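A quick write-up on the structure given underneath.
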Amino acid sequence: MKRYLTFVILMACAVGSAQNINEALRYGTENLQGTARFQAMGGAFGALGGDLSSLNINPAGSAVFNNSLFTISGSNYHTNNDARYFGDALITKNNDIELNQIGGAFVFKNTDSNSDWQKFTLAFNYDLVNNFDNEYYVSGSGTVGIDTYFLEYAGGTPFGSILLQEGEFLEEAYLDIGAAQGFRDQQTFLGYYGGILDPETEDDNSTNYISNSLYDFVDQDFLRRTTGYNSKFTINVASQYKENIYLGASLNFHSVLYTQFDQFTEDGYEPNSEITRTTFDNYLETEGNGFSFSLGAIAKLNDNVRLGGSYQSPTWYRLEDNTSQRINSDLADEEINFINFNVVNLFESYTVKTPGKLTGSLAVIFAKDGLLSFDYGYQDFSQSELRPTNDPSFQTVNSQIASDLGAVSTFRLGGEYRIQQVSLRAGYRFEQSPYANGNTIGDLNAVSGGIGYNFGGSKLDFSLSRSQQDVSERLFNVGITTPAMIDRGITNVTLSYTINF
């Protein structure tokens with residue numbers, strides 16, 4: 001009887017499979033989440049504090065609280081992908097509702113009149129740093145087919161090394177080759193038994209392979225669906241020194257779950273092609289956790305002006321990947337369907353280090369009428385790193401990170417105007433592309449607004465934010481490298497409720 005579920009450790013398969021430059025960006029960038037007030041003002045809270053999500057910018061912010069409180073926030077995320085592939089345009093929309101923030105702060109006022117430390121704050125907060133739920137679909141006609149993916153991996157792979165052993169099931173050989181010989185040979189095996197390619201020569205040292213498909217142009221359809229999250233639980237302590245200085249520190253514990261499902265279909269070959277249709281699907285799941293810390297300070301220069309500064313350490317993620325594949329064509333082995341998403345490749349755990357971040361902030365307070373706030377953040381993504389660094393595959397990825405990624409400047413501007421119990425808010429955020437060329441991922445622009453009502457013992461806040469960013473995404477890392485060009489817009493609608501005690 002066939003085994004439908006098999007696990008194996010893949011020792012050295014990073015390049016072209018699970019771990020690549022996308023790891024550093026996926027877990028190193030943060031979509032603006034948090035409370036409704038925080039989002040409405042563009043996240044410009046580095047010198048303000050007084051909001052649980054401000055701890056993401058400056059951990060000294062909790063020392064600004066005058067009383068203990070609890071806040072809970074829920075958001076509706078709407079993603080709009082306007083994708084173009086070889087000139088054909090398609091729009092895909094995704095909608096999701098999440099409990100994106102929950103936390104509380106406990107303020108302890110110092111009753112010792114001789115002490116310069118006015119109060120101490122202990123805060124706990126959960127924030128959804130990034131929501132990975134997304135989907136886009138592209139369709140187009142190109143001159144490069146899926147056979148180029150397999151031919152690029154297959155070149156020189158000895159044909160004898162990928163053949164089934166006597167009594168061996170197809171799915172067993174697929175896993176065994178991946179474990180013992182690596183990702184490149186495993187893809188060669190998949191291409192051969194999937195009917196995509198055949199050996200032109202059978203040299204035991206170096207085999208040349210040829211494609212079984214004939215085409216000038218091929219029609220391709222591609223769906224990518226991602227799900228998951230990157231969340232952060234923060235434990236924070238802060239204190240007010242005399243009347244004008246606030247100091248704070250936080251420990252941050254990250255939790256990651258990411259899944260990516262790719263569905264690829266190709267047809268439109270020449271009439272005399274032995275292959276008339278090919279399907280090739282891939283699935284990736286990443287799970288793990290991370291740790292970071294942050295330090296910060298806020299200084300009141302006078303009744304109207306505040307300055308803030310903070311340091312966010314690198315985040316060290318410990319992650320584990322598993323991948324699955326399935327393929328079919330007119331010439332595929334009759335048992336090819338036994339290689340499916342129930343046959344799982346497990347990778348050894350690895351570490352992703354994302355870069356630290358420095359933030360400087362300025363806020364102007366207009367008594368009880370309102371305020372203006374500005375934050376500037378700096379983060380160098382070329383300092384990202386996959387570990388262990390002595391792994392040859394990771395060395396290749398880290399070299400690409402050092403050459404392709406660069407420093408990112410972030411600008412956040414927010415304002416609030418109060419009319420008795422009502423607060424009107426607006427914000428703007430600009431974030432540079434993490435790529436040195438500025439093209440693979442474009443600059444991010446976001447605008448936001450919101451309103452809040454203070455009931456006295458509690459507050460209700462609402463925000464609406466919209467971000468836009470151009471993204472270039474390859475369907476595959478090799479072979480079909482013409483990217484899909486995506487104009488991605490994300491709309492967040494958030495409602496927060498705060499109760500004071």
Side-chain angles (χ1 to χ4, degrees), residues 32-58 60-76 99-109 118-119 121 123-127 238 240 243 246 298 300 302-306 308 361-375 412-429 446-466 491-501:
L32 186 67
Q33 309 290 329
T35 67
R37 185 181 181 223
F38 182 82
Q39 292 192 53
M41 294 175 58
F45 270 80
L48 286 176
D51 186 281
L52 282 169
S53 291
S54 71
L55 305 183
N56 293 324
I57 309 298
N58 191 335
S62 65
V64 178
F65 290 127
N66 290 318
N67 54 266
S68 300
L69 54 86
F70 172 84
T71 301
I72 185 171
S73 306
S75 286
N76 174 263
L99 177 69
N100 68 293
Q101 181 275 328
I102 185 169
F106 302 90
V107 179
F108 305 94
K109 295 184 179 179
Q118 303 295 306
K119 59 187 174 184
T121 303
F124 305 89
N125 191 54
Y126 166 88
D127 255 321
Q240 179 182 349
E243 296 296 325
Y246 305 89
I298 297 174
K300 292 173 61 176
N302 51 50
D303 290 338
N304 301 106
V305 180
R306 297 182 185 179
S361 309
L362 170 68
V364 180
I365 314 296
F366 304 104
K368 296 183 179 181
D369 295 327
L371 57 89
L372 286 173
S373 182
F374 173 77
D375 287 354
R412 294 185 293 267
L413 178 65
E416 182 177 65
Y417 181 67
R418 303 189 186 99
I419 307 171
Q420 296 180 343
Q421 287 86 13
V422 177
S423 296
L424 303 176
R425 303 170 183 128
Y428 172 73
R429 178 167 61 116
V447 294
S448 55
I451 187 171
Y453 190 86
N454 192 334
F455 297 94
S458 63
K459 296 185 296 180
L460 187 65
D461 297 303
F462 170 85
S463 70
L464 174 65
S465 64
R466 170 75 176 180
T491 302
N492 284 3
V493 178
T494 302
L495 189 66
S496 296
Y497 180 70
T498 301
I499 185 169
N500 301 304
F501 58 90

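Computation of the quantities below employed the complete heavy-atom set of this structure, encompassing side-chain atoms and omitting hydrogens, waters and symmetry-equivalent molecules. These numbers were taken from a predicted model, which means no experiment stands behind them.
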Listed partners of [X] passing side chain to side chain contact (heavy atoms under 4.5 Å, CB included), at least two apart:
X    : value
I451 : V422, L424, F462
L413 : F374
V305 : L301, N302, L362
S361 : A47, T359, D375

For residues 491-501, pull every pair meeting salt bridge (Lys or Arg N to Asp or Glu O under 4.0 Å), keeping only residues two or more places apart or in separate chains.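 Residue pairs with at least one partner in residues 491-501: there are none.
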For residues 33-56, which residue pairs qualify under salt bridge (Lys or Arg N to Asp or Glu O under 4.0 Å), counting only residues two or more places apart or in two chains?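 Qualifying pairs, neighbours excluded: R37-E416.
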Under the side-chain hydrogen bond (donor to acceptor under 3.5 Å, both in side chains) rule, what pairs show up with a residue in residues 449-458, not counting sequence neighbours?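 Checked against side-chain hydrogen bond (donor to acceptor under 3.5 Å, both in side chains) - neighbours excluded - the pairs reaching residues 449-458 are S458-Y497.
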Do the side-chain N and O atoms of T498 and T71 include a donor-acceptor pair separated by under 3.5 angstrom?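 Short answer, yes.
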Flag for N66-K109: side-chain donor and acceptor within less than 3.5 Å: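 No - no donor-acceptor pair under 3.5 Å links their side chains.
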Check whether any side-chain N or O of [X] sits under 3.5 Å from a backbone N or O of [Y] as a donor-acceptor pair, and report yes or no.
X    : Y    : value
T121 : S62  : yes
R306 : L48  : yes
R418 : S423 : no
K368 : Q420 : no
S373 : G414 : no

Closest contact, heavy atoms only, [X] versus [Y]:
X    : Y    : answer
S463 : Q39  : OG-CB, 3.7 Å
S448 : A40  : OG-O, 2.9 Å
Y246 : A60  : O-CB, 3.5 Å
A446 : Y428 : O-CD1, 3.2 Å
F106 : S68  : CA-OG, 3.4 Å

Non-neighbouring partners of [X] that pass side-chain hydrogen bond (donor to acceptor under 3.5 Å, both in side chains), sequence neighbours left out:
X   : value
Q33 : Y77
N58 : none
N67 : N500
S75 : N100, T494

Side-chain touch I72/L99, heavy atoms, less than 4.5 angstrom: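 In contact.
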If the test is side-chain hydrogen bond (donor to acceptor under 3.5 Å, both in side chains), which one of N56, N125, T35 qualifies with Q101?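 Result: among N56, N125, T35, N125 is the only option passing the side-chain hydrogen bond (donor to acceptor under 3.5 Å, both in side chains) with Q101.
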Gap between atom [atom2] of [Y] and atom [atom1] of [X] - 0.5 Å precision:
X    : Y    : atom1 : atom2 : result
M41  : S54  : CE    : OG    : 10.5 Å
L464 : L495 : CG    : CG    : 12.5 Å
F455 : Q421 : CZ    : CD    : 10.0 Å
F501 : F70  : CZ    : CZ    : 9.0 Å

Output, in order, the C-alpha distance, side-chain angles, deciding distance and verdict of side-chain hydrogen bond (donor to acceptor under 3.5 Å, both in side chains) for S73 and S496. CA-CA 4 Å; S73 306; S496 296; 2.5 Å; yes
Sequence-distant partners of D461, salt bridge (Lys or Arg N to Asp or Glu O under 4.0 Å), two or more places apart: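 Residues passing salt bridge (Lys or Arg N to Asp or Glu O under 4.0 Å) with D461: R425.
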Using the side-chain contact (heavy atoms from CB on, under 4.5 Å) rule, take E243 and K300 through it: C-alpha gap first, then chi angles, then the decisive distance, then the call. CA-CA 8 Å; E243 296 296 325; K300 292 173 61 176; 5.9 Å; no
Can Y126 and L52 be said to form a side-chain contact (heavy atoms from CB on, under 4.5 Å), step by step? CA-CA 9 Å; Y126 166 88; L52 282 169; over 6 Å; no
For F108, does the CZ atom sit with more than 12 other heavy atoms under 6.0 Å from it, leaving out its own atoms?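 Buried by this count: over 12 neighbours within 6.0 Å.
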How far apart are the C-alpha atoms of R412 and F45, what are their side-chain angles, what is the distance that settles it, and do they pass the side-chain contact (heavy atoms from CB on, under 4.5 Å) test? CA-CA 9 Å; R412 294 185 293 267; F45 270 80; over 6 Å; no
